[in-house]
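I have placed the structure first, in the form of C-alpha cells, so that the comments after it can refer back to it.
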Amino acid sequence: QVQLQESGPGLVKPSQTLSLTCTVSGDSISSGSYYWYWIRQPAGKGLEWIGRFYTSENTNYNPSLKSRVTISLDTSKNQFSLKVSSVTAADTAVYYCARDALRVGAAMVYWGQGTLVTVSS
Amino acid sequence: QSALTQPASVSGSPGQSITISCTGTNSDVGGYNYVSWYQQHPGKAPKLIIYEVSNRPSGVSNRFSGSKSGNTASLTISGLQAEDEADYYCCSYTSSSTLVFGTGTKVTVL
C-alpha cells in the first residue's frame, strides 16, 4: 500500500521560499507511471490544486501560482518536493502531497496526512 | 482558472438521498470525463470517492454515485448516514492540462 508523508518547516518568513518534501513508501517513485501532486488548503477554506509532476517535460501548475512554484522528484531518496518562492501570508495553509493510480484518470488517489505551513515574521 | 461552483451546504435526514452539483465550463467539466469527487472529514486528508465522473474506487460504498450533464457534474449520496457528514469537493481536468477544484459543499445529516 502506497503511503505518503509530508515534511518541512512549519514556519516560513514572508518573501522567503517555502520548501516541502513528500516521502513515498510502498512504491518506487522512479517507476515513471504516476503523477505526483501537491494541493493546499487554507484554514477553514477549500482545496486549491497547486500542480503535478509526471516527467521533467510534463509538469503542470496552477496558472495563479505558476511563476512561484516548482515541483521536482528525487528518485535517490524516493521523495518529491514543492518549492514556493516569495511567500506571503496568503500562502499559509495545510499542504498535501498525493499520487494518482493506474487506470484512474486525473484523480488523486493516495494522500499524505498534510502539513501546516504558516507564513509569518 | 476559476473554481468550479458548488452549493455551500446541503442537508438531509438519515436514509434520504441528496445531490451535490458542480458547475464548470466547456473548458473543464463539460469538455472531459475527468471529474472526481473527494470527501473530507474535519482535520483529515481528502478521500477520493468518485473518479472519471461515475467510477468508484475499490472500498467506496455504492451509496455514492456520480454523473454529468453538460457543464454540470453531480454527486448523489443515497441512504444518507451520520458518517457521511463531511465536506465534499469536485475536481475537474481542464483544457490547460491542469486540475481545478470546486468551492466545496458541507453536508449535514439532520
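Chain letters run A, B, ... following the sequence lines, proteins first and then strands; every chain starts at 1.
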Does any heavy atom of chain A fall under 4.5 Å from the side chain of B:Tyr32, the backbone, both, or neither of them?
neither

Shortest non-hydrogen contact from B:Tyr51 to A:Ala107?
CB-CB, 4.0 Å

Taking a hydrophobic cluster as the set of Ile, Leu, Val, Met, Phe, Trp and Tyr residues connected by side-chain heavy atoms closer than 4.5 Å, whether directly or through intermediates, do A:Trp36 and B:Tyr38 fall within one such cluster?
yes

Minimal non-hydrogen separation, B:Ala45 against A:Gly112, with atom names
CB-O, 3.3 Å

Please round to the nearest 0.5 Å and tell me the distance separating atom CD1 of A:Ile39 and atom OH of B:Tyr89.
12.5 Å

Select one option (side chain, backbone, both, neither) describing which atoms of A:Glu48 are under 4.5 Å from chain B's heavy atoms.
backbone

Same apolar cluster: B:Ile50 and A:Val109, side chain cutoff 4.5 Å
no

Co-membership, hydrophobic cluster, residues A:Tyr110 and A:Tyr35, 4.5 Å side-chain
yes

How about A:Met108 and B:Leu48: do any of their side-chain heavy atoms sit closer than 4.5 Å?
no

CG (A:Asn60) and OG (B:Ser96) are apart, to the nearest 0.5 Å, by 9.5 Å

Heavy atoms only, distances under 4.5 angstrom: which of B:Gly43, B:Gly102, B:Ser92, B:Pro46 has the most pairs with chain A? Name it, please.
B:Pro46

Of the listed residues (B:Ser97, B:Ser36, B:Gly104), which shares the most heavy-atom pairs with chain A below a 4.5 Å separation?
B:Ser97

Among the clusters formed by ILVMFWY side chains lying less than 4.5 Å apart, do B:Val53 and B:Tyr34 turn up in the same one?
no

With heavy-atom distances below 4.5 Å as the criterion, would you say the side chains of A:Val104 and B:Pro57 are in contact?
no

Contact origin within A:Tyr61 toward chain B - heavy atom pairs under 4.5 Å
backbone

Are A:Leu102 and A:Phe53 connected in the hydrophobic side-chain network, where two residues link if heavy atoms are under 4.5 Å apart?
yes

With a 4.5 angstrom heavy-atom cut-off, is it the side chain or the backbone of B:Pro42 that approaches chain A, or both, or neither?
neither

For B:Glu52 versus A:Gly105, what's the shortest heavy-atom pair and its separation?
OE2-N, 2.7 Å

How far does CZ of B:Phe101 sit from CD of A:Gln41, to the nearest 0.5 angstrom?
9.0 Å

Look up atom CD in B:Gln40 and atom CH2 in A:Trp111, then write down how far apart they are to the nearest 0.5 Å.
7.5 Å

Indicate yes or no: at least one non-hydrogen side-chain atom of A:Trp49 is less than 4.5 angstrom from one of B:Thr98.
yes

Counting only heavy atoms not in B:Tyr93, do more than 12 sit closer than 6.0 Å to its OH atom?
yes

How long is the straight-line distance from CG of B:Leu99 back to CD1 of A:Ile50, given to the nearest 0.5 Å?
12.5 Å

